[in-house]
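Reviewing the structure listed below.
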Amino acid sequence: MRKLLLSAASIAALNLIACSQAPTSTNLNSVDSTLTVQEAKEFLEKAEQEIVELSAFASKIYWVQANFITEDTNSLAAMAGAQAAKLSTRLANEAKLYNDTSLPSDLRRKMNGLKRGSNFPAPDREGAAEDLARIMTNLEATYGTGKFKYKNNTINLGEASDIIASSRDASELQKVWEGWRTISPVMKENYSKMVDIVNEGSQELGYPDTGALWRGGYDMDGEEFIKEADRLWGQVQPLYNELHCNTRAALNNTYGDDVQPINAPIRADLLGNMWGQSWGNIYDLVAPENAGNGVDITQLLKEKGLNQKEMVEIGESFFTSLGFEPLPDTFWKRSLITKPKDREVVCHASAWDLDDQDDIRIKMCTKINGEDFVTIHHELGHNIYQRAYKNQSVFYKTGANDGFHEAIGDMIALSITPEYLVKIGLLDPTDLPGDNADVSLLMQQAMEKIAFLPFGLMVDQWRWKVFSGEYTPSEYNSGWWELREKYQGLRHPGVSRPDNAFDPGAKFHIPGNTPYMRYFLAHILQFQFHKAACEIAGFEGPLHECSIYENKEVGKRFNEMMEMGASKPWPDALEAFTGTRQMDGSAILEYFDPLMSYLKDQNKNRSCGW
Ligand code: X8Z
Ligand code: ZN
């Protein structure tokens, strides 16, 4: 999701909305006496109005820049960003003046949200907001326009990703993997400057560093959140370890001991994905023998000759089958669904809400394959959530927590079962996988979802250590690989990385400045949502066979949770839909239970771990 939203816990959008007014400091002169509830109310109403006006203006600038990256649009986006950062800082400081006012809980929640500032807060000193916004815009544009030379061609991320997905030539994979990472050394200096600036901003807001500010966005103490993430990882780690062991054995079998030794961490370029974050593209190497076939959605889309827009229409019709309104005409007129040939765009998929009402859009350089078919559902999930909470106050127009926002569309995509594909005419009934195909279908899913979990966790473990100063700039890259090995059991190809390497910068969310823990949480939450939805639907079989397609009752209940936005602490929203107040990995374990037995059996004579 594009960072255009405000959250109760973090006014993230203020990084991205503009304000041309000088600080008004309405209430600064009454600092000696405790401000009244009425003054607080008026302050919040005025803040809301300023945010709404400026975000309407800034979001259009960001949209144009992301759809047409040039010197000029970068500079406009940086100007808007600077003004937004200033507004955010001013409102955060003004909100502090109400610390001693005893406020009704709703006003206190809004005030606390304002006091958290944004995820990338600018300090209050002259020029800081401008420097920060310029750096952030440049980092994102450097990533968005990244290209490198390969075999006498200049290729971009999309082309490089296709090679990583399909090539089984270890030397080619290594070259392309290393090639993409030549785009990021240039970012390192700016990145470390940005870290210093936002840390200063976070300290002014009362946090030790920016990592602590981010961890404070979950309706619980930041230290508790660290434990919570560890607890969830502990629940699912045994499944990851089995998947890792089985995948490594298959890679050893394919590439031999020299390329992939049987006991070492996995070489990151062999996993079918540029960052080794999801491994579905090498499913063919791990496909269970003596079991039925899985379902190749890429092949189905190609056989039916579907284009990108038609793929989005299928995604939309899943949501309408649950009772949601169709997407507005403006969605179809204004979204970017295919990569334009004649200009630079930020290709990383995103969902936008330009007027906080109905002007919802996606921006995606969609490829006709199964991976992007799922990503379409992911992005539409953001849009449907945005539209569901459009009547909330601007302070609450965001997910219950950021993991919720990332989980909505993914939860829907878990219902893309073979039976569903038959219902919508994509799969011929005679091609339905047989009863013995469960473990194949689950393996396909696990290579995406289970493989992702430690990556989802490690990205912000890295950023937390960067913000806290535990990793200094000279340790940025070694720290990254320390965590890649610790959590994912991966290593880079080649003997060493170049001295100037900045491999984190070759992953969108680092230069794109998007917190990442949300995706780890979403990978837990989507299975929790799926289980609850299947219970509401009265489904009685195994979780992985359940599809909630066409179930209006599930749609209604899901919408009730989404309508809340962030108006209540996230456990309230979770409870509204699932009946529990805790994030919990047991649904994902239940979903993959048959696969766990299969993996344990496959691995029984192997030495797992790294
Ligand atoms: O960035 C995304 C979405 C946009 S919010 C496409 N995702 C993460 C990634 O690509 O790294 C979805 C899964 C993880
Ligand atoms: Zn997303």
Side-chain angles (χ1 to χ4, degrees), residues 1-5 7 12 16 62 66 119 140 143-144 157-158 160-161 164-165 180 268 271-281 311-312 315 335-337 339 345-353 360-367 369-386 398-414 445 447-460 462-463 480 484 487-488 503-527 529 562:
M1 176 191 45
R2 182 65 184 162
K3 302 165 284 186
L4 282 167
L5 302 164
S7 81
L16 293 156
Y62 296 128
N119 281 329
E140 194 196 44
Y143 184 96
L157 177 60
S161 296
I164 296 280
W180 174 244
L271 289 163
N273 172 277
M274 186 57 92
W275 307 276
Q277 68 182 61
S278 50
W279 308 343
N281 289 324
M311 288 164 66
V312 182
S335 288
L336 180 101
I337 296 176
K339 181 170 165 44
V345 303
V346 176
C347 266
H348 190 87
S350 53
W352 298 61
D353 179 2
I360 46 182
R361 315 176 188 177
I362 61 170
K363 187 176 61 57
M364 240 183 112
C365 301
T366 317
K367 292 177 183 171
N369 63 35
E371 199 175 329
D372 276 5
F373 186 60
V374 171
T375 302
I376 284 168
H377 292 75
H378 175 96
E379 298 307 336
L380 293 183
H382 286 308
N383 281 158
I384 298 296
Y385 204 175
Q386 287 161 337
T398 188
N401 72 36
D402 54 7
F404 280 59
H405 229 300
E406 300 300 337
I408 302 297
D410 282 13
M411 176 276 222
I412 298 299
L414 290 178
Q445 199 64 298
M447 293 293 275
E448 293 290 335
K449 305 285 181 180
I450 302 299
F452 180 82
L453 289 162
F455 184 73
L457 194 64
M458 66 77 51
V459 173
D460 279 354
W462 179 81
R463 260 188 300 213
W480 177 257
R484 292 272 267 168
Y487 287 102
Q488 291 183 277
D503 296 334
K507 172 67 197 166
F508 172 77
H509 302 71
I510 301 299
N513 289 310
T514 308
Y516 211 80
M517 192 56 82
R518 57 185 62 186
Y519 302 108
F520 173 73
L521 300 178
H523 276 65
I524 302 284
L525 281 169
Q526 64 188 262
F527 288 91
F529 292 161
M562 292 197 290

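Note that ligands are numbered from 1 as they come in the structure, with each ligand's atoms numbered from 1 the same way. Because the structure is predicted, anything quoted here is derived from the model rather than measured. By convention here, the first residue in the shown sequence is residue 1.
- Side-chain contact between Lys507 and Asp503: absent, with no pair of heavy atoms (C-beta onward) separated by less than 4.5 Å.
- Ring-centre distance between Phe508 and Trp275: not below the 6.0 Å cut-off.
- Interface of Gln277 with ligand 1, defined as ligand atoms under 4.0 Å from a residue heavy atom, comprises 9 (C), 10 (O), 11 (O).
- Taking CG from Leu453 and CD from Gln488, the interatomic distance works out to 10.5 Å, rounded to the nearest 0.5 Å.
- Taking backbone and side-chain atoms together, Glu406 has an N/O/S atom less than 2.8 Å away from the Zn ion (ligand 2).
- Checked by distance only, ligand 1 and Thr375 stay at 3.5 Å or farther apart across all their nitrogen or oxygen atoms.
- Here is the list of ligand 1 atoms found below 4.0 Å of a heavy atom in Lys507: 9 (C), 10 (O), 11 (O).
- Taking the ring centroids of Phe529 and Phe404, they lie under the 6.0 Å cut-off.
- At under 3.5 Å, not a single nitrogen or oxygen of His523, backbone or side chain, sits near a nitrogen or oxygen of ligand 1.
- Screening Tyr487, Tyr519, Tyr516 against Phe455 for a ring-ring contact (aromatic ring centres under 6.0 Å, His included) leaves a single residue, Tyr516.
- Considering every non-hydrogen atom in both Ala351 and Asn383, the closest pair reads CB-ND2, 3.6 Å.
- No hydrogens or angles considered: nothing links the side chains of Gln386 and Asp353 as a donor-acceptor pair under 3.5 Å.
- Residue contact annotation: Tyr516 has a non-hydrogen atom under 4.0 Å from ligand 1.
- The aromatic rings of His405 and His382 sit tilted relative to each other, their planes meeting at an angle between 30° and 60°.
- Residue contact check for ligand 1: Trp275 places no non-hydrogen atom closer than 4.0 Å to it.
- In summary, of the residues considered (Leu271, Ile450, Asn273, Val374), a side chain to side chain contact (heavy atoms under 4.5 Å, CB included) with Ser278 occurs for Asn273 alone.
- Residue Glu379 has at least one heavy-atom neighbour below 4.0 Å for each of these atoms of ligand 1: 3 (C), 4 (C), 6 (C).
- Around atom 10 (O) of ligand 1, the closest heavy atom drawn from His382, Glu448, Glu406, His348 belongs to His348.
- Residue contacts with ligand 1 leave out Ser350, since none of its heavy atoms falls under 4.0 Å from the ligand.
- With the Zn ion (ligand 2) as the vertex, NE2 of His382 and NE2 of His378 span 100° to the nearest 10°.
- Put simply, His405 stays out of reach of the Zn ion (ligand 2), with no N, O or S atom under 2.8 Å from it.
- Counting atoms of ligand 1 from 1 in the listed order, those under 4.0 Å from a heavy atom of Phe452 are 14 (C).
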